[in-house]
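Notes for the one structure printed next.
Everything quoted here is computed from the prediction, not taken from an experiment. Both ligands and their constituent atoms are indexed starting at 1 by order of listing. All residue numbers in this chain count up from 1 along the given sequence.
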Amino acid sequence: MLEQLKKEVYEANMELPKRGLITYTWGNVSGIDRESGLFVIKPSGVDYDKLSPEDMVVMDLDGNRVEGDLNPSSDTPTHIELYKAFKDLGGIVHTHSPWATSWAQAGRSIPCYGTTHADYFYGEIPCARSLTKEEIEEAYEKNTGLVIIEIFKDKNPVYVPGVLCTNHGPFTWGADAAEAVHNAVVLEEVAKMAYRCEHLNPEAKPAPQYLQDKHFFRKHGANAYYGQGK
Ligand SMILES: O=C(CO)[C@@H](O)[C@H](O)COP(=O)(O)O
C-alpha cells in the first residue's frame, strides 16, 4: 500500500543526514496521501544508513499503525495534529539542525532580515511557546503540535512553512515531503545568516515590508498578494 509515497518519504528522510540537518537517528519526515487520509513516516530510532523504503510506517490520522512492523517516529502525534489542522500540508519535517535549534532553544522567532528568508517565509519564522509541566506530562508530542497550531491562528502555514518550538527544535512543511525538506534546509541557512546578521550589527532591522512582499509574492504568485504593505 502507498508504495510510491513510501519511496518519496524514504528519499526525503535520507536527505536529512545528506544535508547535515541531523546526527544519529534524530529528526523525521512524513508524507500524507490526502485521498486515503493515510500518511507515511520514518520508523523510530533506526539509523538512517540502515533505513529502506520498506521500513516506512503507514499510519492513519487517529494514530493507528496501518502497515509496517517498526514503531513510528516518536514525533508522530505532532505530525498528526499538524496534518489535521493544516489541510494544505503534504509533508512534514522535524530536525535538530543546529542553527535553527539554537533559536528554538533560546525561545526566539527569526526576523526576516533579507531576501533569502523572504523568498520562502512571509514575515518572521515564529517560535511556539514552551509547554507547561502538565502539557509535557500529559502528551508531549501531541501538545507540541497544539502549541504550533496555537501560534498559527493568525498565520497562513502555506506562507510560513515552518516553526521553531521553544526548548526543542524546528518543524517545517510543504506540499510534499521533498518540499518540506527543502524548507528545512532553507530554515537552517536563514537561521545561520540571521544569527550572524545580529552579531555583525546588534541594531539590525528586518527588511522593509515592500522588499519582503516583492520577494515572497514574486515566488508565490501575485494572486497570493493580499496587499500587505507596498
Ligand atoms: O525530537 C526528538 C527527540 O528530542 C525526536 O525527533 C528524535 O530526535 C527522533 O525520534 P524518532 O523519529 O527516531 O522517534
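Of the protein's non-hydrogen atoms, His96 NE2, 3.4 Å is the one closest to atom 2 (C) of ligand 1. Of the protein's heavy atoms, Ser73 OG, 2.7 Å lies nearest to atom 12 (O) of ligand 1. Looking at atom 5 (C) of ligand 1, its nearest protein heavy atom turns out to be Asp75 OD2, 3.1 Å. Of the protein's heavy atoms, Gly27 N, 4.0 Å lies nearest to atom 7 (C) of ligand 1. For atom 13 (O) of ligand 1, the closest non-hydrogen atom of the protein is Gly45 N, 2.8 Å. Looking from atom 10 (O) of ligand 1 to the surrounding protein, the closest heavy atom is Ser74 OG, 3.2 Å.
Residues His94 and Leu16 approach most closely at O-CD1, 4.3 Å, considering heavy atoms. Scanning both residues, Gly31 and Val9, for their nearest heavy atoms gives N-CG2, 3.5 Å. In plain terms, the two heavy atoms of Arg34 and Phe86 that are nearest each other are NH2-O, 2.9 Å.
Side-chain atoms of Leu21 and Glu15, non-hydrogen and from C-beta on, never get closer than 4.5 Å to each other.
Taking the six-membered ring for Trp and thresholds of 30 and 60 degrees, Tyr159 and Phe217 have ring planes more than 60 degrees apart, a perpendicular arrangement.
An N or O contact shorter than 3.5 Å links Ser44 to ligand 1 by distance. Here's the thing with Val46: none of its N/O atoms is less than 3.5 angstrom from an N/O atom of ligand 1.
Using a cutoff of 4.0 Å between basic side-chain nitrogens and carboxylate oxygens, Glu11 and Lys7 are scored as salt-bridged. Electrostatic pairing of Arg19 and Glu188 does not count as a salt bridge here, judged by no charged N lying under 4.0 Å from a carboxylate O.
In the vicinity of Thr25, heavy-atom distances shorter than 4.0 Å reach the ligand 1 atoms 9 (C), 13 (O). Atoms of ligand 1 lying under 4.0 Å from at least one heavy atom of Lys42, given by number and element, are 11 (P), 12 (O), 13 (O).
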